[in-house]
Amino acid sequence: MVALAALVALQTGWAADAAAVRVSGYFSDHMVLQRGEGTSVWGKAAPGAKVKVAFAGQSLEATADAKGDWKATFAKLAVSKESRDLVVGETTFHDVLVGDVWIASGQSNAEMTFGMLGNVVNQKEEIARAKDFPNVRSIKVERRSSAWPIDFALKTSGWRAADAATLPKITAMGYFFARDVNAKTGIPIGIVDDNWSGQYIQEFLSPAAAEASPLGKDMKAWRIKVAEWHEAYASYMRGEKETLGDDFWPSIEQPLESRLHNGMIRPIRHLNPAGVLWYQGCANEGDGLGYEVLLDTLIADWRGMWGRDLPFYVVQLASYTAPTTDPKGGNGFAPVREAQRRTVAKTPRTGLAVAIDIGNAKNIHPANKQDVGSRLARWALRDVYGEKDLVPSGPWYRSVAFKGNEARISFDHVGGGLVAAEKEPDGAGVAPKVKDTKSLRGFAVQAKDGSWHWAEATIDGDEVVVTAKDVAEPVAVRYAYRANPMGAADLYNMEGLPAVPFTTEK
């Protein structure tokens, strides 16, 4: 049986050699430090030990607390492309830049690299071009699931500057985002590649957020069981119990919530990121519209941990599975996409990168990550980097007005105007082809009896007028509200960005 102290040491990563000054695994050569205020260096040392930190003309001294934790926080750091040294105690980190650090998180489509699965569009060409962006850097947080919150231990790849050798190990989504932002602004961009394929959003919630969520009853029950386990184990160690029972250990199995947060997010809580790129939701298909509450909870949870309303940009799930012809739709990823839209619509400093037109019916990992990254970058370039006139999104449902047999839809993010267009899914960086028509595909209306019907839709200025022959008084409208609307939904703006799928139902 594992002693309790050893179990705690295993979970926290804090071993016996407390005399040495240690720095978080987040820090390495080639790193990007976050510009501005609040950027810290942190680690472990003997309680009371003094740790000296020096960078960019600033000299800091931190004192390890009773648990051995220390943290040194810089005054404001200015953007710098200059390769400089960061000195921590006796350790020197080389080739350190100052810019913006973004967290790329979620499941497999966030994790997918240029070397994973071998299906990123223009893979060889992009790898060859990577040398042109040496100020794009990335660090991979290694997978770690923990039932207990980890305060310090963190295993990473170390920071990598983008080039032909490193790009196969870098998140494609994150790289294309970083490349676009760096190319437009000149600011060094670091990507914290902190994700895990196939995982539920609940895994990324802190224990406190998970317990407070609608699914929290499972977490609360688990916490009670853990408390009982601790007491029973302590009693056993004191000799008050002869045995713990054959079913004792299996009885403390943790529910899904928080395991990845404990092992992969909490250890970087002292980071001061520029923002978050979030591509996740496939695993939560069964939650449907309920994903809205989970995404709301995640954004609030992470913003609370980092102490500010940091930008949070979401990739809406791409088209997947065989197309269907039922006008009702609502199958597959459609409700999760609607949940993502609703969260972003009501939450300040968020954005949504639509991907329904660049999916793949047979592959849940679509190859066109360039357009995903570029669409994420548009939000950041407008809201973080000052390009106020940039249109960040395709047409976004604002309101509907019903009159007789007609539904009139108004949109935000109309940009240069509404158009019918068609995008080649793997045409990375290629604008969709605008059609010579004002008629649109992909709209359906609901009759008073609850039935759904395909509709005729026509662009009328900055609005779309929708009618259906068999529906005298429509009560709701849906657009692209199906698992795979590729080729059957064609509303764009003149900037070449697809309309966000929606339903007008409350």
Side-chain angles (χ1 to χ4, degrees), residues 19-65 68-103 131-139 141 152 154 156-163 166 178-179 181-194 267-275 305-308 310-311 380-381 384-386:
V21 172
R22 296 195 291 163
V23 188
S24 168
Y26 174 80
F27 298 93
S28 78
D29 294 345
H30 314 303
M31 77 182 83
V32 177
L33 291 177
Q34 177 62 40
R35 63 173 169 153
E37 299 177 351
T39 294
S40 300
V41 181
W42 66 93
K44 284 281 190 180
K50 304 293 185 181
V51 181
K52 293 184 178 181
V53 177
F55 179 72
Q58 296 187 46
S59 297
L60 311 175
E61 185 175 85
T63 302
D65 64 17
D69 295 311
W70 62 266
K71 181 175 72 170
T73 302
F74 292 107
K76 187 174 183 179
L77 291 176
V79 170
S80 175
K81 306 173 190 176
E82 180 185 353
S83 177
R84 294 183 289 188
D85 290 345
L86 167 67
V87 180
V88 184
E90 301 298 321
T91 303
T92 299
F93 299 108
H94 304 289
D95 187 30
V96 178
L97 311 182
V98 180
D100 280 341
V101 177
W102 290 79
I103 295 173
K131 67 180 185 300
D132 298 330
F133 299 93
N135 293 337
V136 170
R137 310 282 175 94
S138 178
I139 182 172
V141 175
F152 173 71
L154 183 72
T156 73
S157 65
W159 283 90
R160 303 176 174 117
D163 61 27
T166 62
R179 190 184 73 178
V181 172
N182 175 252
K184 292 287 181 64
T185 68
I187 296 172
I189 302 295
I191 296 294
V192 181
D193 198 353
D194 199 346
I268 60 169
R269 69 193 181 283
H270 298 310
L271 181 63
N272 182 32
M305 181 177 66
W306 278 303
R308 62 189 178 87
L310 75 168
L381 288 167
V384 176
Y385 299 101

Nearest heavy-atom neighbours spanning Gly48 and Thr63: O-CG2, 3.8 Å
On a heavy-atom basis, the closest approach of Val53 and Ala72 is CG2-CB, 3.9 Å
In short, Leu154 meets Pro267 closest at the heavy-atom pair CD1-CB, 3.8 Å
Could you check Val384 against Trp102 for side-chain contact (heavy atoms from CB on, under 4.5 Å), going step by step and ending with a plain yes or no? CA-CA 12 Å; Val384 176; Trp102 290 79; 4.1 Å; yes
One should read off an interatomic distance between Ser24 OG and Arg269 CZ, to the nearest 0.5 angstrom, of 9.5 Å
Starting at CG of Leu271, measure out to CE of Met305 and round the result to the nearest 0.5 Å. 8.5 Å
Determine whether Leu97 and Arg137 satisfy the following criterion, side-chain contact (heavy atoms from CB on, under 4.5 Å), listing intermediate values before the conclusion. CA-CA 9 Å; Leu97 311 182; Arg137 310 282 175 94; 3.4 Å; yes
Assess, by modelled atom type and distance only, whether the side chains of Ser83 and Asp95 contain a donor and an acceptor separated by less than 3.5 Å. yes
Check: Ile268 and Trp306 side chains under 4.5 Å, non-hydrogen atoms: yes
Might you work through the side-chain contact (heavy atoms from CB on, under 4.5 Å) test for Asp193 and Ile139, ending with a clear yes or no? CA-CA 6 Å; Asp193 198 353; Ile139 182 172; over 6 Å; no
Looking only at heavy atoms, what is the nearest atom pair of Ile191 and Ala178, with distance? CG1-CB, 3.9 Å
Audit row: Tyr26, Trp159, ring pair (Phe, Tyr, Trp, His ring centres under 6.0 Å) steps and yes/no: CA-CA 8 Å; Tyr26 174 80; Trp159 283 90; 5.7 Å; yes
Once you round to the nearest 0.5 Å, how far does CG of Leu33 lie from CZ of Phe55? 5.0 Å
Report yes if the side chains of Phe27 and Val88 come closer than 4.5 Å at any heavy-atom pair, otherwise no. no
Applying ring-ring contact (aromatic ring centres under 6.0 Å, His included), can you list everything that pairs with His270, at least two apart in sequence or on another chain? Trp42
Can you check side-chain contact (heavy atoms from CB on, under 4.5 Å) on His30 and Val96, steps first, answer last? CA-CA 5 Å; His30 314 303; Val96 178; over 6 Å; no
Do NZ/NE/NH1/NH2 and the carboxylate oxygens of Asp29 and Arg160 come within less than 4.0 Å? no
So, for Ala161 and Pro134, which heavy atoms are closest and what is the spacing to 0.1 Å? CB-O, 3.9 Å
Return the CH2 to NZ distance between Trp70 and Lys44, rounded to the nearest 0.5 Å. 12.0 Å
Measuring from Lys76:NZ to Gln58:CD, what's the distance to the nearest 0.5 Å? 12.0 Å
Enumerate, atom names and distances included, each donor-acceptor pair closer than 3.5 Å involving a side-chain atom of residues 181-190, sequence neighbours excluded.
from, atom 1, to, atom 2, distance (Å)
Asn182, ND2, Ile187, O, 2.9
Thr185, OG1, Val181, O, 2.7
Thr185, OG1, Ile187, N, 3.1

Please give me the minimum heavy-atom distance between Pro311 and Ala274, naming the atom from each residue. CD-O, 3.1 Å
Let me have the donor-acceptor pairs involving side chains of residues 34-41, under 3.5 Å, with sequence neighbours excluded, atom names and distances please.
from, atom 1, to, atom 2, distance (Å)
Gln34, OE1, Val101, N, 2.7
Gln34, NE2, Asp100, OD1, 2.8
Arg35, NE, Asp100, OD1, 2.7
Arg35, NE, Asp100, OD2, 3.3
Arg35, NH2, Asp100, OD2, 3.0
Thr39, OG1, Gln34, O, 2.6
Ser40, OG, Thr73, OG1, 2.7

